[in-house]
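What you see below is based on every heavy atom in this structure, not just the backbone, and it leaves out hydrogens, waters and symmetry mates.
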Amino acid sequence: MKTLQNTMKTLGWDAYFLPMQDRFLQSSPLARATIQRLTGFTGSSGSLILTPESLFLCIDGRYTLQAQQETEGITLLSESPFTWLKTWGNANKTLAIDPWIVSKSQLEHMEKLFPGTLAFDEASTLRSMIYPSWNAVSLGAIQSIPSDRSFQEKCQEVFGEPLQHPILLCKGEDIAWITNLRGADMPFTPLFQAYALIHWKNGIFYADIFTALPRFLPKESPEFFFYDLEELEALKPMTLAYDPKTTPVALWGPTWIASSSPLAGVRAEKTSWEINHMAQAHERDGVALVQFLHWLSNLPPEHMESETSAAQYLEELRQKNPNYKGPSFPTLSSFGDHSAIIHYIPPLSGSRPLGTGLYLVDSGGQYYFGTTDVTRTLWLSPDAQAPSLKAQRLFTCVLQAHIHLASQIFPHGTSGQQLDAIARSFLWQRGLDYDHGTGHGVGTYLSVHESPPNLSQRAGTDPIKAGMIFSNEPGYYEEHWGGIRLENLVVVEPYGVKDQAFPDRLSLNTLTLAPFDLKLILTSELSWDQRNWLNTYHHRVYTTLAPFLPPLVRDWLFLQTRPLES
């Protein structure tokens, strides 16, 4: 640390801004490892500000408790790093940034807020000192996948023709989706790290793809031309359109034209082909998850598992499906008060053994061609001890929030912020809340976190549209006690009753198939509508999954999905 701070003094830098991003502006393992090496923080989101005297870690509410436990001697900030820099800075101070890991829009925001001088660490001096291999590249294979729309059809839908200027894409999900290509450069997400220039000639769209070479490339792709990353310099003198939010400062050219691409919005509105494949993925995932829940509920007292071994067994069950490609994120498996840590990932060794108490498991899978994300909170009781009234009341409250959103009918133009408030209302009425968004978008065999849509208090002003798929995951967390989160994925559909359609209304259809723990539900606190929703959902879980389950698991699921009576 002292060496870094002395280097800053030598270079005349009063502060160094280090977001958790790589040169593709992704929160990759290398980006996380850089910050972890300095702080010990293992979360997947955050920003670091280094001064010659101090170290500041900016995090959001999802990571507050985790950062407190993992870091020492570091000042934790719950505010935006830009807000802190505005307060801290003055005309005499110099802030250094690495232009490869800061977007053009982030730079413009800092230029408006920071009263001092901005300096570029062109050679990535500090990052190289912190983590010498920070710029390592992957050479995993790039493969074509089937889709209901070709590259040409997607370009036509997104951009129209002819293109006035070539369009630069820097976001991995956008490039993978529009080209119908997938890779293996990122753990948990089938992306390849690249930039792509979309251009149009004689009625045909083409993509110049800049990525690490050599590697295995898709055969027979006359629309795609692959170039090494070193050839990116050729783009700078061109006139092209780019999105400042996704483009690194170091890549930017002075004649480029800032333009917000409609691609992300089109990608978020899934087609019937994509929705059907997502539904199939959730059926496959549900089979594995129900077997896991059955296994957990029948563990004998003398043979209890740990947080880590439970997560490993769930992975083994998913691997039995031939369409399974791997987890969509590291499994969050937490027992007791560990469940209050919103993104708790158990260590590979030495994790807590399971016993009597609350257990939260948040997991997901990548399937050919769907992505899943599901959270269940259970009461484990190998000694047959009943859950406390507090646990039941809080669980029921979170379940009511979940059902209230899942059963919502809303007009076109409703924003993610508004849906977020609808879910929170059941906790607000009891003086409770949770410090994370209610929902995030999910890709189809892509990223488990994509935007839009975004259901959050702090963001999510864009309207929710038919075809969007997002999570419904309200929760409650209490330090030294535990946490509860209940998450399903839902798809937005036009609302209709029987044969009567309501074109001005939208509704949500739940894709995830897994039972909620009846032991934790206070049936008397549910309204008739809430019981009806739960009974209907549990009936669909059973009838859909039962044919694919072993007899013992099927019998167990029948009891777990039995109708609740008033």
Side-chain angles (χ1 to χ4, degrees), residues 23-25 103-105 142-183 190-213 215 217-271 273-274 443-447 450-452 465 467:
R23 64 179 297 174
F24 300 92
L25 303 185
S103 72
K104 190 66 168 63
S105 63
I142 300 175
Q143 299 176 332
S144 300
I145 64 165
S147 175
D148 60 333
R149 290 164 292 171
S150 68
F151 168 69
Q152 296 296 324
E153 290 169 328
K154 288 183 175 180
C155 285
Q156 178 68 49
E157 182 180 3
V158 174
F159 306 121
E161 61 179 50
L163 292 180
Q164 186 176 0
H165 302 288
I167 297 173
L168 180 67
L169 302 180
C170 298
K171 192 173 180 63
E173 290 88 342
D174 292 344
I175 298 170
W177 177 82
I178 203 165
T179 60
N180 294 324
L181 299 176
R182 297 295 188 270
L191 299 179
F192 56 100
Q193 294 182 311
Y195 309 97
L197 186 70
I198 309 297
H199 50 100
W200 186 86
K201 184 179 180 181
N202 299 328
I204 299 176
F205 289 94
Y206 298 93
D208 294 342
I209 300 175
F210 298 84
T211 189
L213 297 177
R215 68 164 89 196
L217 299 173
K219 299 177 181 179
E220 300 178 358
S221 53
E223 305 154 313
F224 307 140
F225 301 92
F226 289 89
Y227 301 93
D228 195 85
L229 289 169
E230 294 178 358
E231 300 183 64
L232 282 167
E233 283 294 319
L235 299 181
K236 284 195 173 181
M238 295 178 60
T239 299
L240 56 85
Y242 78 105
D243 185 348
K245 294 180 180 179
T246 60
T247 304
V249 172
L251 191 57
W252 175 79
T255 59
W256 292 10
I257 303 166
S259 175
S260 295
S261 169
L263 193 152
V266 176
R267 170 167 51 83
E269 297 176 45
K270 311 302 192 279
T271 64
W273 186 92
E274 292 171 316
T444 49
Y445 191 39
L446 268 175
S447 175
E450 73 172 26
S451 180
K465 297 181 180 180

Checklist entry - Are any of the side-chain heavy atoms of F205 and S150 separated by less than 4.5 Å? => result no
Checklist entry - Given T444 and W273, is the side chain to side chain contact (heavy atoms under 4.5 Å, CB included) satisfied, shown in steps? => result CA-CA 10 Å; T444 49; W273 186 92; over 6 Å; no
Checklist entry - Hey, does the side chain of N180 reach the backbone of R149 with a donor-acceptor pair shorter than 3.5 angstrom? => result yes
Checklist entry - Taking only residues two or more places apart in sequence, or in another chain, which ones meet R23 in a side-chain hydrogen bond (donor to acceptor under 3.5 Å, both in side chains)? => result none
Item to check | Side-chain ion pair, E173 and R267, N-O less than 4.0 Å | outcome: no
Next on the checklist: Under the criterion side chain to side chain contact (heavy atoms under 4.5 Å, CB included), I'd like the reasoning laid out for Y242 against L251: C-alpha separation, chi angles, the key distance, then a yes or no.
Outcome noted: CA-CA 11 Å; Y242 78 105; L251 191 57; over 6 Å; no
Checklist entry - To the nearest 0.5 Å, how far apart are CG in L213 and CD in E230? => result 10.0 Å
Item to check | Side chains of L217 and F192 in contact at under 4.5 Å (non-hydrogen atoms) | outcome: no
Next on the checklist: Within the structure provided, determine whether R182 and L446 are in side-chain contact (heavy-atom separation under 4.5 Å).
Outcome noted: yes
Checklist entry - Backbone N or O of K154 within a donor-acceptor pair of the W177 side chain at under 3.5 Å? => result no
Checklist entry - About how many Å separate SG of C155 and CD1 of I204, when rounded to the nearest 0.5 Å? => result 12.0 Å
Next on the checklist: So, taking the atom named NZ in K171 and the one named CD1 in I178, what distance separates them when rounded to the nearest 0.5 Å?
Outcome noted: 14.5 Å
Next on the checklist: Taking the side chain as everything from C-beta on, heavy atoms only, tell me whether L181 gets closer than 4.5 Å to I209.
Outcome noted: yes
Next on the checklist: To the closest 0.5 Å, what do you measure between CD (E161) and CH2 (W200)?
Outcome noted: 5.0 Å
Checklist entry - With distance as the sole test, does T255 use its side chain to make a donor-acceptor pair with the main-chain N or O of M238 at under 3.5 Å? => result yes
Checklist entry - Which heavy atom of L191 sits nearest a heavy atom of A176, and at what distance? => result CD2-CB, 3.8 Å
Checklist entry - Does atom CD of E223 have more than 12 heavy-atom neighbours from other groups under 6.0 Å away? => result yes
Item to check | Pairwise distance CH2(W256) to OG1(T247) - rounded to 0.5 angstrom | outcome: 6.5 Å
Checklist entry - What's the shortest heavy-atom distance between P244 and S103, and which atoms? => result O-CB, 3.5 Å
Checklist entry - Looking at L197 and P166, what are the two nearest heavy atoms and their distance? => result CD1-CB, 3.8 Å
Checklist outcome for this item: To the nearest 0.5 Å, atom CG of D208 lies from atom CG of L169 at 11.5 Å
Next on the checklist: Quick check against the 3.5 Å criterion: does Q193 have a side-chain atom that pairs as donor or acceptor with the backbone of T211?
Outcome noted: no
Checklist entry - Of the non-hydrogen atoms in P452 and G265, which two are nearest, and what is the gap between them? => result CG-CA, 4.2 Å
Checklist entry - Can you check whether S144 reaches F224 side chain to side chain, under 4.5 Å on heavy atoms? => result no
Item to check | E274 side chain reached by Y445 side chain, heavy atoms, under 4.5 Å | outcome: no
Checklist entry - Would you say C170 and L25 make side-chain contact, with heavy atoms under 4.5 Å? => result no
Next on the checklist: Going by the rule ring pair (Phe, Tyr, Trp, His ring centres under 6.0 Å), which residues pair with F159 if we only count those two or more places apart in sequence or in a different chain?
Outcome noted: none
Checklist entry - Can you check whether G443's main-chain N or O pairs, donor with acceptor, with S447's side chain at less than 3.5 Å? => result no
Checklist entry - Taking only residues two or more places apart in sequence, or in another chain, which ones meet Y227 in a ring pair (Phe, Tyr, Trp, His ring centres under 6.0 Å)? => result F210
Item to check | Note, K245 side chain near S105 side chain (heavy atom, < 4.5 Å) | outcome: yes
